[in-house]
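What follows is one structure encoded as structure tokens, with my remarks underneath.
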Amino acid sequence: MSRIILFRILRSLATLLIAVTIVFFFIRLSGDPAQALAPPDAPPEVVEAYRVKLGLDKPLPVQYVNYVLGLFQGDFGYSIHTGKSSLTLFLERLPATLMLGGTALAIAVVFGILIGAVAALNRNSFIDRLVMGFSVFAFAMPNFFFGLVVILTGALVFGVFFGAAANGQISLFLLLPPAATLGLASMGAFARFTRSSLLETINQPFMMALEARGVPVARRLWRHAAPNAAIPIVTMLGLSLGSLVAGAVVTEQVFAWPGVGQLLVRSVATRDIAVVQFLVLAVTFSMTFANLAVDILYAFLDPRIRRAAS
């Protein structure tokens with residue numbers, strides 16, 4: 001177990017370093033940030049002043065080393081527009097994103113697993129085809145399109161504008177539409193994974209043996225089928241947890257939700273280098289940490305992994 005955990009941690013650290021390197025060089029190779037930040041008619045000396053202020057006057061390898069060393073020291077840079085720390089800006093927006101992403105994930109997990117289990121227990125019936133049809137629709141529907149449909153329906157039919165969060169107002173009434181929009185695709189994926197995994201488990205010989213011994217259906221499903229069918233669902237859950245920040249970018253823009261995703265889009269548009277680098281790093285860390293947690297959880301759910309490592 002300890003070797004599995006250590007290997008997963010080292011692999012996660014390597015992933016973070018690769019992500020930091022890619023983001024650092026891509027931002028600088030996509031154009032001169034100092035030229036983008038300076039006014040269009042700025043003289044060369046003003047552009048050079050911006051370059052010196054951002055540390056862009058040094059050679060690229062020196063900039064990279066200084067950036068990585070700064071990360072280890074907790075220096076994530078400052079916004080060129082507001083002067084605030086990138087970490088401060090991130091923490092200011094994080095509660096709104098966690099509220100939106102957490103609610104969306106709860107909707108996806110609860111309803112996705114529920115309808116997936118119903119489809120599996122009613123295999124090849126009308127209910128099964130209906131659930132799978134809805135799952136395909138939910139997975140294929142683009143977030144931005146469904147979000148626009150929700151906003152237009154609320155405004156034209158019910159006379160309610162769901163984008164009021166742009167004024168900084170956050171309430172349960174304003175939370176549910178964007179959360180349902182964000183959770184729709186994941187709900188379809190959870191339903192399909194639950195159905196296929198549960199069907200595969202139900203058809204295993206040990207389940208047939210339990211049925212032959214007269215074990216009640218509820219006990220067979222809850223005590224024996226559910227734990228064995230949980231591993232693919234745990235994978236989906238880990239990926240969904242890691243994408244709470246990244247997955248909310250489009251939805252936050254559509255509903256003007258004051259979260260991290262909206263901050264990321266604005267920072268990219270204004271070439272706020274330090275903020276963009278930190279936000280991408282935060283998204284990468286969340287995805288990497290979620291995958292690490294899933295890998296470790298696998299070892300507890302599946303005894304075969306523990307035996308292979310011993």
Side-chain angles (χ1 to χ4, degrees), residues 97-163 165 172-203 221 225-226 229-257 259 261-262 265 283 287 290 294:
T97 294
L98 291 180
M99 183 185 301
L100 175 62
T103 306
L105 183 60
I107 292 173
V109 170
V110 172
F111 290 100
I113 292 179
L114 178 62
I115 64 177
V118 170
L121 297 177
N122 296 274
R123 183 182 183 183
N124 295 329
S125 66
F126 172 75
I127 295 177
D128 183 20
R129 290 191 290 271
L130 181 65
V131 169
M132 288 301 97
F134 170 77
S135 300
V136 172
F137 167 79
F139 188 76
M141 175 67 70
N143 276 352
F144 71 89
F145 179 76
F146 185 72
L148 292 175
V149 170
V150 170
I151 291 176
L152 290 175
T153 303
L156 299 178
V157 178
F158 301 103
V160 178
F161 178 59
F162 293 122
L172 181 62
F173 176 76
L174 296 174
L175 173 63
L176 289 179
T181 301
L182 183 59
L184 184 66
S186 296
M187 185 193 305
F190 272 109
R192 294 179 64 84
F193 269 79
T194 301
R195 178 186 180 275
S196 60
S197 182
L198 194 55
L199 281 177
E200 182 180 355
T201 304
I202 289 175
N203 292 325
L221 293 175
I231 291 182
I233 301 173
V234 169
T235 303
M236 276 293 302
L237 182 60
L239 294 175
S240 300
L241 279 173
S243 62
L244 282 182
V245 176
V249 172
V250 174
T251 305
E252 287 185 1
Q253 280 296 106
V254 171
F255 287 91
W257 191 262
Q262 190 183 70
V265 172
V283 171
M287 294 290 293
V294 168

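Atoms considered below: every heavy atom in the structure, side chains included; atoms not considered: hydrogens, waters and symmetry mates.
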Open item on the list: Within this structure, what is the CD1-CG distance for the pair I233 and L198, rounded to the nearest 0.5 Å?
Closed with: 7.5 Å
Open item on the list: What I'd like to find out is whether the side chain of N143 reaches to under 4.5 Å of the side chain of V254, using heavy atoms alone.
Closed with: no
Open item on the list: Just verifying a value: how many Å separate L176 CG and I107 CD1, rounded to the nearest 0.5 Å?
Closed with: 6.0 Å
TODO: Please assess F134 against M187 for the test side chain to side chain contact (heavy atoms under 4.5 Å, CB included), listing each intermediate value before the final yes or no.
DONE: CA-CA 10 Å; F134 170 77; M187 185 193 305; 3.7 Å; yes
Open item on the list: Using 0.5 Å steps for rounding, measure from the CG atom of L184 to the OG1 atom of T251.
Closed with: 10.0 Å
- [ ] Could you tell me which non-hydrogen atom of A108 sits nearest to which non-hydrogen atom of G183, and how far apart they are?
- [x] CB-O, 3.6 Å
Open item on the list: Return the CG to CD1 distance between L121 and I202, rounded to the nearest 0.5 Å.
Closed with: 5.5 Å
Task: Stepwise side chain to side chain contact (heavy atoms under 4.5 Å, CB included) check, F255 with L100 - done: CA-CA 11 Å; F255 287 91; L100 175 62; over 6 Å; no
- [ ] Can you see which heavy atom on G261 is nearest to which on E252, and at what distance?
- [x] N-OE1, 2.7 Å
Open item on the list: I'd like to know whether R123 forms a side chain to side chain contact (heavy atoms under 4.5 Å, CB included) with L199, so could you lay out the CA-CA distance, the side-chain angles of the two residues, the decisive distance to 0.1 Å, and finally the verdict.
Closed with: CA-CA 8 Å; R123 183 182 183 183; L199 281 177; 3.8 Å; yes
Task: Under 3.5 Å donor-acceptor, S196 side chain and F193 backbone - done: yes
Task: Shortest non-hydrogen contact from L182 toward G101 - done: CD2-CA, 4.2 Å
Open item on the list: Applying side chain to side chain contact (heavy atoms under 4.5 Å, CB included) to W257 and L175, what does each step give before you reach the verdict?
Closed with: CA-CA 9 Å; W257 191 262; L175 173 63; 3.8 Å; yes
Open item on the list: Show the nearest heavy-atom pair for residues A191 and M132, with the distance to one decimal.
Closed with: O-CE, 4.1 Å
TODO: Determine yes or no for a side-chain-to-main-chain donor-acceptor pair under 3.5 angstrom, with R129 supplying the side chain and N124 the backbone.
DONE: yes
TODO: Locate the shortest heavy-atom distance separating T103 from A179; write the atom from each residue and the value.
DONE: CG2-CB, 3.7 Å
Task: Least distance between heavy atoms, V131 atom then I115 atom - done: CG1-O, 3.4 Å
Task: Rounded distance [0.5 Å steps], CG in L98 versus CG in L105 - done: 11.5 Å
